[in-house]
Amino acid sequence: MNEGQNLPKIYKERHKLKYRSTECLNCHHPLDISDEFCPNCSQLNSTKKLAFNDFFNEFFAGIFAYDSRFYRTLGALLFKPGKISKDYIQGKRVRYANPYRFYLSASIIFFLLWSVTHEVESPINFDLEGSAEEQKEVDSILTAQGIENPPLEVFLPANDSISTPEYIAEKDLDTMSFLNARIKQWQVFSDHYEATGMRNSKVALDSLNYSNSRFNQWFYKKTVNSKIFGSDANLFWSYFYSKLPFIIFFYLPVFALFIWLLYLRRPFTYMEHLIFTFHNQTTWFVLFGIAVGINTLFNSNFATALAMFIFAFYLYKAFRKFYGQGRVKTLIKFIIINIIFFTLALLAFIFSVLASFAIY
């Protein structure tokens with residue numbers, strides 16, 4: 001086999017004829033002395049005892065082999081739109097890096113570069129439950145005052161000029177519709193937080209004479225979060241930004257499903273559409289990663305606009321190359337796909353924002 005010919009010279013020692021065996025040490029498949037690799041499991045046919053230099057040599061051989069695939073994949077990805085996806089589904093895969101691994105590498109590098117070149121604040125980890133010492137201190141104060149479930153007025157400032165927020169008992173909420181009850185409950189919790197600044201949900205619910213159910217605790221936390229994010233929106237967006245790589249990763253398979261539906265008459269499987277989608281998204285990361293670097297060096301945003309134009313043209317060429325259709329049909333489907341993409345992206349954004357807020 002010519003597999004050993006691509007390895008560095010320092011790795012050739014274990015390939016020597018004197019170490020060959022007539023049986024594979026891994027799968028026990030019968031071999032000939034001329035067999036450099038086992039035809040059954042592809043393991044190297046060598047009986048040489050392992051030494052430190054073997055691990056050292058194999059380590060660098062793996063790096064060199066990956067580097068060659070890396071540069072070959074990057075070159076084809078950037079300068080030959082659609083070719084790498086076409087080759088990959090036709091079985092020409094050894095020469096290229098795995099599309100999913102390459103995508104993850106590109107996304108990690110892009111978001112690291114973005115975080116370095118942009119000021120992204122880490123979200124503050126508010127302890128909404130409060131520490132055990134804080135809860136004991138609050139309980140001791142209330143016990144000393146002989147108050148088991150203090151009313152809302154206890155926490156309000158003694159100022160006649162300040163109007164008392166509207167208080168609605170929990171039992172009164174049960175008589176309302178679900179939506180109206182949640183609006184009123186949010187108002188009660190919001191007024192209570194603004195008046196007291198209390199973030200501990202359990203203590204707050206006790207002071208409001210509301211039951212300490214899981215839903216009430218969660219709803220009070222979300223009310224507090226909404227007030228905090230309202231005063232400093234960067235807190236939430238920093239948290240949301242940290243989840244963006246995962247959101248994009250799970251969004252792409254959904255988008256690939258719509259591409260599959262649009263090209264249903266074409267002889268492509270869903271996985272082949274997905275590979276094509278991951279390759280295109282990887283190209284986006286590479287192009288906009290370069291744009292971020294250029295913008296940082298020249299303190300300008302012209303590279304981003306240029307990258308958007310280049311990627312739009314690249315995407316059209318990639319669709320035409322991969323699916324092999326004419327210019328007009330490709331252009332029409334390209335427009336439809338972009339409409340689908342931005343519609344799905346908007347829905348995914350809204351859902352992700354709501355989900356991120358719910359679990360924050």
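Cluster annotation: L347 and F342 are assigned to distinct hydrophobic clusters (Ile/Leu/Val/Met/Phe/Trp/Tyr, side-chain heavy-atom contacts under 4.5 Å, transitive). F334 and F313 sit in two unconnected hydrophobic clusters of ILVMFWY residues. Membership requires side-chain heavy atoms under 4.5 Å apart, directly or through other members. One hydrophobic cluster, built from ILVMFWY side chains closer than 4.5 Å, holds both Y100 and L104. Residue F178 is not grouped with residue V188 when hydrophobic side chains (ILVMFWY) are merged at heavy-atom distances under 4.5 angstrom, including chains of intermediate members. No continuous path of ILVMFWY side-chain contacts below 4.5 Å connects I109 to Y103, so the two sit in separate hydrophobic clusters.
Residues H192 and Y220 form a side-chain contact, since some pair of their non-hydrogen atoms from C-beta on lies under 4.5 Å apart. Side-chain atoms of Y251 and F351, non-hydrogen and from C-beta on, never get closer than 4.5 Å to each other.
Rounding to the nearest 0.5 Å places CG of L262 at 5.0 Å from CD1 of I337. Put simply, OG1 on T282 and CZ on R101 are 13.5 Å apart, with the number rounded to the nearest 0.5 Å. The OH atom of Y19 sits 13.5 Å away from the CG atom of N45 when rounded to the nearest 0.5 Å. Remark: F319 CZ to Y263 OH distance equals 5.5 Å, nearest 0.5 Å. Atom-to-atom distance recorded for L261:CG and I340:CD1 is 8.5 Å, nearest 0.5 angstrom.
With a 6.0 Å radius and a threshold of 12 heavy atoms from other residues, nucleotides or ligands, F258 has its CZ atom at or below the threshold. More than 12 heavy atoms of other residues, nucleotides or ligands lie within 6.0 Å of CH2 in W284, so this atom counts as buried by the packing criterion.
Checked against the 6.0 Å centroid criterion, the rings of F249 and F278 qualify as a close aromatic pair. Between F268 and F322, the distance separating the two ring centers is shorter than 6.0 angstrom.
Residues A256 and Y270 come closest through the heavy atom pair C-CE1, 3.8 Å.
A cation-pi arrangement is absent between R93 and Y96, since the terminal nitrogen or guanidinium carbon is not both under 6.0 Å from the aromatic centre and inside a 45° cone about the axis.
A donor-acceptor pair shorter than 3.5 Å can be found between the side chains of Q185 and R182.
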